[in-house]
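Residue numbers start from 1 in every chain, and the chains themselves are labelled A, B, ... in the order their sequence lines are given, proteins ahead of strands. Both backbone and side-chain heavy atoms feed into the values below; hydrogens, waters and symmetry mates do not.
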Amino acid sequence: MTNNLGPFTTRRRVLGGLAATGATAGLATGLGTRFAQAQSSAPLKLGFQLHRTGIGAAYGRWYERTTKAALKAVNEAGGINGRPVEVIFEDDGTDAARGPQVLDKLINQEGCELVFGPLFSNVVMATAPRAAELKIPYLVCSETHSVAAGKLNRWTMQPGITDVKSQVRAVAPFIFDTLGKKVTMIYPDYAFGYDHRDFLTQAAKEAGAEIVKLLPIPVTETSFTRYFAQIPRSTEVIYHVMVGPGVLTFVKELGEFYGSNHPKLFGFIDSLEAVNIDTPSLSFLEGTHFWEGDCRYAQPDETEFDKAYRKAVGVNDQGAAINDPKEISTYAHMFSCWETLYVIKAGMEAADYKGPQDRQKFVEAVEAMSDMPASMQHPQGAKRFNGKTHQVFGHQNISQVKDGRLVRIERTSIDAGLYPDETDYTKMSF
Amino acid sequence: MILLLDTTPAIAGAALAVAATVLLGAWAGWVPQFRAWRLASWPGTGAWPSWAGFAALVFLLSVGRFGPHDPLGNLLPLTVWTVIWVAMTAAAALLGDIWRPIAPWRGPVRLARRLLRRRGGVGLSRLGHWPAVAGLFAIAWYELISPAPSDPAGLARMVALYWALIFALAVLEGEDWLDRGEALTLYFRLTAKIAPLWRRREGTRQVLHIGVPGAQIVAMAPLAAAEVAFVTLMLAIVSFDGLSETFFWLGQLGVNPLEYPGRTALMGVNSAGLLAAWALTTALILGALAASGHGAARGPVGGGRAPLLLGFLPIATAYHISHYLVTLLTRGQYVFTGLNDPFERGWSLLGINDHWASFGFLSDPRDVMLIWSAQVALIVAAHVLAVLLALRLVPGGLRTHLPVGLLMVGYTAFGLWLLATPSIG
């Protein structure tokens, strides 16, 4: 069977090609040169903590694809510091207890220089202390505010994706100024929902808007209509961040409850990541708004970088896999793996990274980063890294569902997502 | 996506269909003849297929040990948990016992006993099928509850250990002990009992038979106590595997399914849950049999007379297949990508690439409906067959068949609810 991606090059084949080049050079110039060549071009191994199985598997599948595509691009452009790069993927089962074990294995058995890639915050929170113990750079792709809130450590950084707090603050002006000032929030009744509740409530206070009702929904709920009856009539905007298998029922029942005459809706695409929104059961979403990290649908003004990135990861203009247009990618989030790998490359090159002895220098080099222009390294857009809080900031996209497609109607500035520092990791010891 | 389908009518309809079968069968006395015919025969093949199985095992262990770390890229976990545990179960339910010839012990055991000049046994056979019950529990625990059942290196160690243990015991006791004491051998023998095709040894020849599904069961001797335990464990395993992933179960444990901590944190409670599910399944089935005035009521279970229990064999198999149908359709694809490049060397033995596996069908309402329909059909068919078998095995009126019939109706609804309720699976 063939598909439109062309022959896929595995990491080993990428490495094989580079190694063969080295060997030929060695043969031509004698043994001494060959030894030097072998030493300087030994592959640089990076560990990826992958949610291959368990509840994070739908994300893990795309995080792996994205990382492999980025790895291919990095190696084709000469690797890191001239050395070929190898990424060792290790499944953590999306199991918090296995997180630290996977880190140990990647470092001590596989000889990786650092570890990156986890999304689920329970895994991140369980693994980060072990990374600090072993003094291993740990670069997460999680959106968790815990990094910037100072709950982690000097070795843990989030340079590839913005945190929830920044996302909520950046989109809040649009919600309050364009959609309405009286907001009812519907959110799952646990930490993820509380983050949204707290950050939006704070933003509302600052903007002179009003949260007229908070509607936490028990996480095991499967029927939602009785909660909708509690939405005040004065509500101008419903802000919803439901996640999990119940979300489709949630949207369907919300549509049945309101019909065509409903308040404005603003949601986070996290609810419908990897879900096709162009289906009859989700037609209620037509005209409603979503936050997107990266735009699932190719926009008319899509940058050349996003276009090339989209192609490299094997995703079509609808955000689905090129080889299976029914399979929607986790496009809003997965750029974080691509961008994190390029931050690793930039950090290692700035630190002139040679091996484990330079791990601290690497962290310091990343901490010294600030503006990252939109480029092939940052296809989602320009970023600004805050070395003190170990958190990156960037542009957010606000999209509206039009004819079953997500069409971007606003792109926030980097400044819109900034907030005062809550910690300074650079003052902590290594 | 399944949550968007209105599954309640199908569940109710399925339960009604099973109830109607009980009533019609018991009142009208209409029960089909379970006929069978001889199809063909050929000389026996000896132990060489088990040597082929042994060679495959050695290859798979080396892939597990030295191949990709990726549980979905390594042929060892894919073969154990997708090909053997799921696909071969389905194949055995259609084609008969395809495990016994290729099970990787018989040849090596025969050779070892010849070299050691060993005859006779050490009395293991006195334990009957109980070692197989223990083996099935261990396999199920490893798959359902241990933290990383698909981790290739860990699984390679476990499989090697299991093979060595069974090998040593069979060398001590003789190769015929494999049929009694090895869990997968008993598992596939029982699973294959509903197949419309089967082989039987007649002297030195293998004879192929064809018959109405269930024809083999009608001809079976009633199950021994350990076999009863084995069948109830088979039912409990799939039921608990489904249940343990539901939001309902996690809610009972006070675990937020959207912040699922992972398998490790739930090992203790799920171990207890599996045991409880087994105890409950056993109690319900034996209770229903006792209320029918058959089976357990005619003496202790150890007496081994429980003909009605044979009716539960199709149910165990159908639940297994429908429960793992989505696994088969998703991980089954990885078997091909695994074969394509078993050692992650950039090979393309089948001419496909890493992106070949695709899961878009899981978000297509029509495909999801198709899968759900197949699951409903399988479970209803199995229950109807079970009811008919019960009526054939134990003649009697409604009074006799009502307790087991009620249990079947309830179990149908429960089984389908498991497939349709929110879960983390």
K.L.:
Got a second to check how far B:Gln252's CD is from A:Thr220's OG1, nearest 0.5 Å?
P.N.:
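These two atoms lie 9.0 Å from each other.
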
K.L.:
For A:Arg52 and B:Tyr334, work out which heavy atoms get closest and say how close.
P.N.:
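So the two residues come closest at NH1-OH, 3.6 Å.
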
K.L.:
side-chain contact (heavy atoms from CB on, under 4.5 Å) with B:Leu339: which residues, sequence neighbours excluded?
P.N.:
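Listed in chain order: B:Leu75, B:Val335, B:Leu350.
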
K.L.:
Could you measure the distance from the OH atom of A:Tyr190 to the CG atom of B:Leu258? Nearest 0.5 Å is fine.
P.N.:
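The distance works out to 4.5 Å.
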
K.L.:
Among A:Asp189, A:Ile328, A:Asn122, single out the residue with the greatest number of heavy-atom pairs under 4.5 Å to chain B.
P.N.:
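Maximum pair count with chain B is reached by A:Asn122.
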
K.L.:
Under the ring pair (Phe, Tyr, Trp, His ring centres under 6.0 Å) test, which residues partner B:Phe66, sequence neighbours left out?
P.N.:
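Partners of B:Phe66 under the ring pair (Phe, Tyr, Trp, His ring centres under 6.0 Å) test: none.
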
K.L.:
What are the two closest heavy atoms between B:Pro422 and A:Pro245, and how far apart are they?
P.N.:
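That would be CB-CG, 4.2 Å.
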
K.L.:
For chain B, find its close neighbours in residues 94-109 of chain A: heavy-atom separation under 4.5 Å, sorted by number, or none.
P.N.:
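So the qualifying residues are A:Thr94, A:Asp95, A:Ala96, A:Ala97, A:Arg98, A:Lys105.
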
K.L.:
Hey, could you give me the CG/NE2 distance between A:Leu50 and B:His69, rounded to the nearest 0.5 Å?
P.N.:
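The distance works out to 13.0 Å.
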
K.L.:
Are the side chains of B:Asp70 and A:Glu64 in contact, using a 4.5 Å heavy-atom criterion?
P.N.:
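They are in side-chain contact.
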
K.L.:
So how far is it from B:Asp151 CG to A:Glu90 CD, rounded to the nearest 0.5 Å?
P.N.:
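Answer for the CG-CD pair, B:Asp151 versus A:Glu90, is 6.5 Å.
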
K.L.:
Can you name the nearest heavy-atom pair linking A:Ile55 to B:Pro257, along with the distance?
P.N.:
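In terms of heavy atoms, the two residues are closest at CD1-O, 4.1 Å.
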
K.L.:
For atom CZ of B:Arg331, decide whether the heavy atoms of other residues, nucleotides or ligands shown that lie under 6.0 angstrom number more than 12.
P.N.:
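Counting other residues, nucleotides and ligands, CZ of B:Arg331 stays at 12 neighbours or fewer.
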
K.L.:
Out of curiosity, A:Leu248 CG to B:Ser363 OG, how far, rounded to the nearest 0.5 Å?
P.N.:
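One gets 10.0 Å once the value is rounded to the nearest 0.5 Å.
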
K.L.:
If contact means a heavy atom pair closer than 4.5 Å, which residues of residues 136-150 of chain B contact chain A?
P.N.:
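If one takes a 4.5 Å heavy-atom cut-off, the residues of residues 136-150 of chain B near chain A are B:Pro147, B:Ala148.
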
K.L.:
Check the pair A:Arg61 / B:Leu72 against side-chain contact (heavy atoms from CB on, under 4.5 Å), numbers first and verdict last.
P.N.:
CA-CA 10 Å; A:Arg61 189 170 150 73; B:Leu72 304 182; over 6 Å; no

